[in-house]
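Each chain gets a letter, A, B and so on, in the order its sequence line appears, and its residues count up from 1.
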Amino acid sequence: MAETMFGVTKIKAVGDLMRRDENVVIIGGANFGGLLHSQYIKPLFDEFDDRILRTPSAELGFCGLAVGAAIAGLYPIVTIGTGSFAFEAWPQIVNEAPNITYMSGGKVKVPVMFHALVGIRISGAAQHSARPQAMLMQAAGLQIIAPSRASDVGPLLQAARESERPTFWIDHALLFEETGGVEPGPIPALGKAAIVRRGKDVTLVGYSIDLVRCLKAAAKLEKAGIDAEVIDLRTLCPLDSDTICESVGKTGRLVIADECYPAASVASEIASIFTDKGWGLLKKPVKRLNFPAVPVPLSPPLELHLIPTVDKIVAAAKQLMN
Amino acid sequence: MAETMFGVTKIKAVGDLMRRDENVVIIGGANFGGLLHSQYIKPLFDEFDDRILRTPSAELGFCGLAVGAAIAGLYPIVTIGTGSFAFEAWPQIVNEAPNITYMSGGKVKVPVMFHALVGIRISGAAQHSARPQAMLMQAAGLQIIAPSRASDVGPLLQAARESERPTFWIDHALLFEETGGVEPGPIPALGKAAIVRRGKDVTLVGYSIDLVRCLKAAAKLEKAGIDAEVIDLRTLCPLDSDTICESVGKTGRLVIADECYPAASVASEIASIFTDKGWGLLKKPVKRLNFPAVPVPLSPPLELHLIPTVDKIVAAAKQLMN
Amino acid sequence: MIPVMPKDDCLEAFRKMLLIRRLEEACIDAAQEKRVPGHFHVYIGQEATGVGVISALDKGDFIYSTHRNHGHLIARGADPGMTLAEILGKSGGYAGGKAGTLHGCAPDLNFPLSSGIVASIIPIAAGTAYAMKQRKLPYVSAVLFGEGAMEEGAAYEALNIASLWKLPVLFICENNSAEVDRKPGGGQYHAPNNSIIEITDLARVMGMTTVIIDGLDLDAVWTGARDARARAIRGEGPTFIEVRTDTWPGGQWPTLVTGRTDIRHAWTNEVPSQYAKNAKWFTRNDPVLSVARKLLMLGIAGKEELQKIDISVSHQMAGAVEFANQSPYPPAEDAYAHVWPT
Amino acid sequence: MIPVMPKDDCLEAFRKMLLIRRLEEACIDAAQEKRVPGHFHVYIGQEATGVGVISALDKGDFIYSTHRNHGHLIARGADPGMTLAEILGKSGGYAGGKAGTLHGCAPDLNFPLSSGIVASIIPIAAGTAYAMKQRKLPYVSAVLFGEGAMEEGAAYEALNIASLWKLPVLFICENNSAEVDRKPGGGQYHAPNNSIIEITDLARVMGMTTVIIDGLDLDAVWTGARDARARAIRGEGPTFIEVRTDTWPGGQWPTLVTGRTDIRHAWTNEVPSQYAKNAKWFTRNDPVLSVARKLLMLGIAGKEELQKIDISVSHQMAGAVEFANQSPYPPAEDAYAHVWPT
Ligand SMILES: Cc1ncc(C[n+]2csc(CCOP(=O)(O)OP(=O)(O)O)c2C)c(N)n1
Ligand SMILES: Cc1ncc(C[n+]2csc(CCOP(=O)(O)OP(=O)(O)O)c2C)c(N)n1
Ligand SMILES: [Mg+2]
Ligand SMILES: [Mg+2]
């Protein structure tokens with residue numbers, strides 16, 4: 001049912017932010033979904049027609065505009081479109097927005113939210129499939145949220161808005177049509193992961209589309225008699241190492257699903273926790289499921305072969321149980 | 001003595017590449033050093049005046065030009081200048097150059113070398129101190145070299161050139177005046193780290209300026225009776241996990257010095273090896289010395305406080321020995 | 001209207017235009033059967049541009065394109081079977097299925113790459129021109145892109161450098177929103193989002209030679225590109241050519257809202273009743289029909305000859321479709337090949 | 001030449017110009033003692049621009065700058081002691097030492113930020129203009145940047161958007177390579193690297209009002225900015241103002257190659273013998289001396305009054321230097337504060 005789609009809830013959450021405060025505006029050259037979902041987004045854009053700055057294909061320019069608008073009293077939600085296009089605006093996203101509060105000794109705030117549909121969207125080929133999130137974790141001063149469940153999207157947006165931090169919203173093209181509980185939860189403390197399924201045998205960590213995959217894997221694992229605990233990171237910066245450590249302290253086993261390339265990825269960061277803070281908690285080596293270090297091929301069987309699928313998560317968890 | 005400066009050797013290495021092949025050109029808006037070092041660079045630029053495409057401040061444009069020149073028979077060495085300026089050219093560096101060979105089924109080569117002076121250059125403040133290397137490790141198809149010792153710079157450049165891979169040369173502003181053995185070594189296999197000091201107690205891993213710091217720390221540790229093994233990564237992609245594992249297999253202790261921000265950093269990647277391939281090799285938690293997740297402040301005492309200094313490396317190693 | 005191109009070249013160009021049309025029709029057929037991975041952009045309505053420009057180039061010249069590259073590949077002489085196989089992600093494609101529609105290439109034909117990132121290909125093409133100049137080769141680099149690319153700073157930077165250093169590059173801006181109200185600020189695909197209303201004004205103030213050409217006028221496109229090429233080779237630097245085409249009514253999404261092209265409409269001047277609301281397409285905007293009419297008018301070809309060409313092209317395309325359909329998907333292990341050059 | 005600005009405003013502007021000069025002299029003193037962290041860019045030679053523009057603005061307007069921001073801060077009324085303390089990385093600076101010279105700011109004066117990345121500030125300033133427009137506030141956003149910024153795509157994109165949406169923004173391009181041979185392609189700082197030889201041509205083809213002003217002419221700058229502001233407030237969109245100044249002979253590196261400014265040279269017309277090779281600076285290029293002469297010529301001030309201003313400014317600056325020197329460095333723990341807003 002359309003009502004329970006993640007995408008629909010997401011659009012409503014954006015609308016709610018805008019209804020609550022007339023200084024919330026949309027800036028950008030895209031919207032919040034792909035071509036297939038414009039029907040769901042159109043009502044939002046119609047409702048707020050005069051609060052949308054429709055821009056040319058000039059990502060660097062309009063992300064910069066959003067920074068300047070945020071400094072001067074607006075709360076811009078920036079629709080970058082495909083995650084790869086964030087690269088065009090990289091100087092503004094990683095070298096302006098996150099530095100300004102610090103560079104002013106805390107006097108200037110940059111409450112802005114960048115939105116992009118990142119990730120392997122299926123047949124986007126090499127240039128339209130970027131996962132910029134791990135790179136963004138290398139920008140101190142930038143908050144990164146990745147709502148993965150419909151119940152979380154509204155509360156996380158609201159929390160990000162209240163934080164007044166420059167924020168990158170890691171959205172995923174394939175999340176739009178996911179369905180699930182939509183009853184919004186309480187507004188979370190930013191940087192607090194959610195345990196979305198309790199289990200005792202193995203910890204599965206995911207975020208965005210990979211969280212969805214982890215949940216599906218957990219269901220399959222249950223049938224195989226394996227009781228998986230599933231953690232939704234929710235925010236990549238701040239990253240909640242406590243919750244992950246707590247869970248692994250119980251299970252001793254960890255599978256991480258992360259569409260990023262392997263090196264210096266979200267998964268590397270999580271795994272590395274266990275060489276320090278989480279020292280001694282692991283009973284088995286960590287299983288990291290990344291997209292291998294290969295540009296994304298167009299051809300469907302090649303692409304599918306490289307994605308961290310549900311089956312791969314299941315297989316990894318089973319290996320850890322042997 | 002000027003003759004033994006890393007910077008001087010580096011300039012010679014670039015010159016040697018150019019002398020060997022007239023298709024090697026320089027493209028860019030900067031040179032290979034800061035304002036203080038232009039005297040050393042001028043002779044190179046004079047010698048090859050007609051093989052330098054001097055460009056406007058248009059990093060995105062000229063890095064793209066370099067990609068196109070590489071496709072059509074030149075070998076461009078691109079002088080981006082300060083590492084932060086690489087962000088301006090991000091779409092070309094991470095979403096064009098590394099994808100093209102793959103996108104053509106191996107038919108098109110992009111033999112180009114991007115050069116930038118990355119890192120904490122001292123008093124560069126927030127916007128001129130970027131360490132883009134961990135981000136670049138998230139670009140599959142991009143080779144990353146980081147020659148740290150004068151003896152290595154020529155051989156590494158030559159190896160990169162012969163590989164015909166798009167390559168990012170992570171140089172560091174503070175390396176220029178470092179002195180040390182300049183006798184060029186053999187041309188290394190790319191992706192092979194160097195053990196630059198043998199030791200049995202603790203492994204120190206560094207690259208670029210942090211390798212220099214590790215070596216200085218090892219000398220201090222020696223005086224304290226601690227025998228450190230020092231590894232120079234040399235290339236960040238490919239990354240030589242074998243050599244690191246071998247060393248830690250011996251010492252059981254690991255300190256990593258890495259100017260990157262902590263999350264999803266070079267250090268995270270290295271630490272994470274020990275949750276998988278290097279499982280069981282560590283006797284103690286890894287000590288990661290990153291620049292904390294704070295934009296780089298101008299004020300000298302603040303900046304110094306955040307840098308992974310020699311003393312911090314020494315202290316970390318000592319802690320591991322207790 | 002076709003006075004300059006030699007007769008044989010005219011016929012060959014027409015053949016290529018028709019081949020492009022048939023290829024795109026085949027793409028749309030495949031898409032309707034959900035066999036095209038990802039979304040794609042057809043070249044219908046712009047055939048005279050790609051074919052006109054590329055016919056005027058030399059084998060040694062380089063060609064670069066964007067997301068809308070199918071027609072450029074065919075114009076360059078790429079094999080339609082391999083082109084379609086690539087679009088379908090098959091191993092028989094030019095890149096073994098790795099590139100797909102967004103990154104069409106034919107490296108053996110000096111067509112190394114299409115970038116799917118708007119404007120990103122423009123600096124790359126300028127760089128190849130620099131290589132030609134630096135290596136003292138008598139070749140140019142030509143890049144075809146949409147008017148949307150002129151909204152990106154990448155285009156500005158590349159044009160500036162090319163003009164400063166008089167690089168031998170042809171910038172071909174395919175303005176396919178020429179029929180849209182030219183008042184700026186629409187904020188949509190296919191709508192002018194540029195405060196520079198005359199697109200060529202930017203290149204002009206940069207000191208480049210600029211040309212504006214009607215995208216139905218094959219001969220003018222060919223001539224414009226030929227002259228630009230000659231200037232570039234003479235060291236006079238880049239030319240910026242804007243070719244204006246009216247948007248194909250079906251351009252937004254791959255359905256054949258004007259149907260499969262029937263070449264006979266060129267002389268029957270019929271508008272099939274189910275397409276009445278797109279009558280203008282049949283009578284004015286279709287470059288294939290338009291060029292066919294001119295060939296007839298000028299006596300370069302008769303109806304029979306045009307129909308013979310159509311039969312031969314359709315036959316060629318049928319073979320291409322067969323090839324692409326039969327071509328297997330690459331095996332999964334192929335995913336790991338070609339990250340690095342060998 | 002100073003007919004438009006009210007007399008008091010003229011004198012206040014002159015005072016600020018002189019204060020900027022004294023601040024930069026103090027910077028250079030400190031640099032020679034190796035007390036300035038990092039490299040910095042002085043505003044000497046451009047004082048009439050910053051002061052002229054910023055004097056024409058309202059308190060509610062926003063101002064944005066680049067690496068060359070010291071003069072803009074002072075023109076806005078920033079405290080010279082806090083400005084210098086910031087440059088030295090001291091806790092008494094506007095950003096507690098975190099910003100330094102590259103990122104000068106005075107947020108309480110609606111001067112939120114200077115970006116050290118060439119051109120990067122231009123979109124940000126345009127965004128603030130959008131906020132003014134969207135929030136229906138009667139204020140503008142003004143951004144001052146060098147002609148080098150016009151080489152970056154960021155400038156192009158921002159100008160385009162600002163023009164499309166008629167945002168209330170003043171683009172002030174401080175062209176300090178106006179005396180350099182305007183043949184493009186020099187490839188150096190302070191040399192034109194733009195194929196658009198008349199810099200304003202870009203804004204012009206984008207449909208903006210453009211103005212070119214002599215950077216010695218305080219009154220013309222003030223008037224130009226005032227008129228541009230009025231147009232912006234009336235909803236007529238951005239104005240692009242190019243202010244041309246000849247490069248200060250010592251601009252490349254912080255040494256006082258024309259010495260410490262002696263205001264009496266305005267009427268003695270002396271060129272100190274050790275600076276003979278920079279005679280033109282004394283007789284023509286120095287905006288401070290030039291404006292002083294005009295004030296005298298027009299009878300707005302006498303020599304004594306000018307000297308009195310100088311004494312008062314120098315006194316103020318001495319206090320500022322004292323403040324900055326005495327200000328302690330921030331404690332190390334401060335490094336962790338202000339990553340996030342509180
Ligand atoms: C940097 C970037 N931003 C946005 C897009 C999304 N996009 C794909 S096609 C397109 C329109 C391009 O218009 P134009 O250049 O005129 O080409 P046309 O499709 O009309 O041939 C856009 C904005 C993109 N591919 N790259
Ligand atoms: C993106 C970027 N590229 C290069 C630089 C290095 N850089 C610092 S100042 C400068 C020259 C700027 O010239 P202009 O804008 O005319 O300012 P001016 O210094 O003359 O006031 C350059 C290229 C930079 N800061 N940012
Ligand atoms: Mg178009
Ligand atoms: Mg300048």
Chemist: Indicate the ring-plane relationship of Phe85(B) and His128(B), choosing parallel, tilted or perpendicular according to the 30° and 60° boundaries.
Modeler: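 Geometry flag for His128(B) against Phe85(B): perpendicular rings.
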
Chemist: Can you name the residues that form a side chain to side chain donor-acceptor pair (under 3.5 Å) with Arg229(C), not counting sequence neighbours?
Modeler: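 Arg229(C) satisfies side chain to side chain donor-acceptor pair (under 3.5 Å) with Asp61(C) only.
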
Chemist: Name the region of Glu164(B), side chain, backbone, both or neither, that has any atom closer than 4.5 Å to a heavy atom of chain C.
Modeler: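 Both backbone and side chain.
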
Chemist: For Ala119(C), is it the side chain, the backbone, both, or neither that has a heavy atom closer than 4.5 Å to a heavy atom of chain B?
Modeler: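 No part of it gets close to chain B.
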
Chemist: Which region of Tyr156(C), side chain (C-beta onward) or backbone (N, CA, C, O), has a non-hydrogen atom less than 4.5 Å from a non-hydrogen atom of chain B, or is it both or neither?
Modeler: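 Neither the backbone nor the side chain of Tyr156(C) comes within 4.5 Å of chain B.
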
Chemist: Provide the full list of side chain to side chain donor-acceptor pair (under 3.5 Å) pairs with a residue in residues 329-342 of chain C, sequence neighbours left out, each pair given once.
Modeler: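 Only His305(A)-Tyr336(C) qualify under side chain to side chain donor-acceptor pair (under 3.5 Å).
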
Chemist: Side chain, backbone, both or neither: which part of Glu59(B) has an atom under 4.5 Å from a heavy atom of chain C?
Modeler: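 Backbone only.
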
Chemist: Which residues in residues 126-136 of chain C have a heavy atom less than 4.5 Å from any heavy atom of chain B?
Modeler: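 Expected list: Ala126(C), Gly127(C), Thr128(C), Tyr130(C), Ala131(C), Met132(C), Gln134(C), Arg135(C).
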
Chemist: Check each atom of Leu137(C) against the heavy atoms of chain B and say whether the ones under 4.5 Å are side chain, backbone, both or neither.
Modeler: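 Neither; nothing under 4.5 Å.
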
Chemist: Ignoring hydrogens and angles, state whether a donor on the side chain of Thr235(B) or Gln143(B) is under 3.5 Å from an acceptor on the partner side chain.
Modeler: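 No, no side-chain donor-acceptor contact under 3.5 Å.
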
Chemist: Classify the ring geometry between Phe40(C) and His70(C) as parallel (under 30°), tilted (30 to 60°) or perpendicular (over 60°).
Modeler: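 It falls in the parallel class, under 30°.
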
Chemist: For residues 80-95 of chain C, dump all side-chain donor-acceptor pairs below 3.5 Å to protein atoms at least two apart in sequence or in another chain.
Modeler:
unit_1: Thr83(C); atom_1: OG1; unit_2: Asp79(C); atom_2: O; d: 2.7
unit_1: Glu86(C); atom_1: OE1; unit_2: Tyr94(C); atom_2: N; d: 3.1
unit_1: Glu86(C); atom_1: OE1; unit_2: Ala95(C); atom_2: N; d: 2.5
unit_1: Glu86(C); atom_1: OE1; unit_2: Gly96(C); atom_2: N; d: 3.2
unit_1: Glu86(C); atom_1: OE1; unit_2: Gly97(C); atom_2: N; d: 3.0
unit_1: Glu86(C); atom_1: OE2; unit_2: Gly97(C); atom_2: N; d: 3.3
unit_1: Glu86(C); atom_1: OE2; unit_2: Lys98(C); atom_2: N; d: 3.2
unit_1: Glu86(C); atom_1: OE2; unit_2: Ala99(C); atom_2: N; d: 2.8
unit_1: Glu86(C); atom_1: OE2; unit_2: Gly100(C); atom_2: N; d: 2.8
unit_1: Lys90(C); atom_1: NZ; unit_2: Ala324(C); atom_2: O; d: 3.1
unit_1: Lys90(C); atom_1: NZ; unit_2: Asn325(C); atom_2: O; d: 3.1
unit_1: Lys90(C); atom_1: NZ; unit_2: Ser327(C); atom_2: O; d: 3.0
unit_1: Ser91(C); atom_1: OG; unit_2: Pro328(C); atom_2: O; d: 2.8
unit_1: Tyr94(C); atom_1: OH; unit_2: Asp79(C); atom_2: N; d: 2.7

Chemist: Please flag which part of Asn23(B) lies under 4.5 Å from any non-hydrogen atom of chain C: side chain, backbone, both or neither.
Modeler: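 The answer is the side chain of Asn23(B).
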
Chemist: Please rank Gly106(B), Gly105(B), Ala140(B) by heavy-atom pairs under 4.5 Å with chain C and give me the top one.
Modeler: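 If we count pairs closer than 4.5 Å to chain C, Gly105(B) comes out on top.
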
Chemist: May I ask you to establish whether Arg161(B) and Tyr75(B) are in a cation-pi arrangement, using a distance under 6.0 Å from NZ or CZ to the six-membered ring centre and at most 45° from the ring axis?
Modeler: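 The answer is yes, since Arg161(B) meets both limits relative to Tyr75(B).
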
Chemist: Between Lys192(B) and Thr243(B), do the side chains contain a donor N or O and an acceptor N or O under 3.5 Å apart?
Modeler: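 A donor-acceptor contact under 3.5 Å links the two side chains.
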
Chemist: Hey, is Arg131(B) close enough to Asp258(B) for a salt bridge, meaning N to O under 4.0 Å?
Modeler: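 Looking at Asp258(B) together with Arg131(B), the answer is no, because their closest N to O distance does not fall below 4.0 Å.
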
Chemist: In plain terms, say whether Asp49(B) and Arg54(B) are close enough for a salt bridge, that is, a side-chain N and a carboxylate O under 4.0 Å apart.
Modeler: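 Yes, charged N to carboxylate O under 4.0 Å.
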
Chemist: Which atoms of Ser114(C) are under 4.5 Å from chain B, going by heavy atoms: the side chain, the backbone, both sets, or neither?
Modeler: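 Contact with chain B involves the backbone of Ser114(C) alone.
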
Chemist: For ring-ring contact (aromatic ring centres under 6.0 Å, His included), just list the numbers for Phe111(C) and His72(C), CA-CA rounded to whole Å, side-chain angles, deciding distance to a tenth of an Å, and then say yes or no.
Modeler: CA-CA 9 Å; Phe111(C) 195 135; His72(C) 304 149; 7.1 Å; no

Chemist: Less than 4.5 Å to any heavy atom of chain C: does that hold for the side chain of Val110(B), its backbone, both, or neither?
Modeler: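 Contact with chain C is absent: no heavy atom of Val110(B) under 4.5 Å.
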
Chemist: Need one label for Ala125(C): side chain, backbone, both or neither, based on atoms under 4.5 Å from any heavy atom in chain B.
Modeler: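 Neither; nothing under 4.5 Å.
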
Chemist: Using non-hydrogen atoms and a 4.5 Å limit, figure out which bit of Asn160(C) sits close to chain B: side chain, backbone, both or neither.
Modeler: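 Only the side chain of Asn160(C) comes within 4.5 Å of chain B.
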
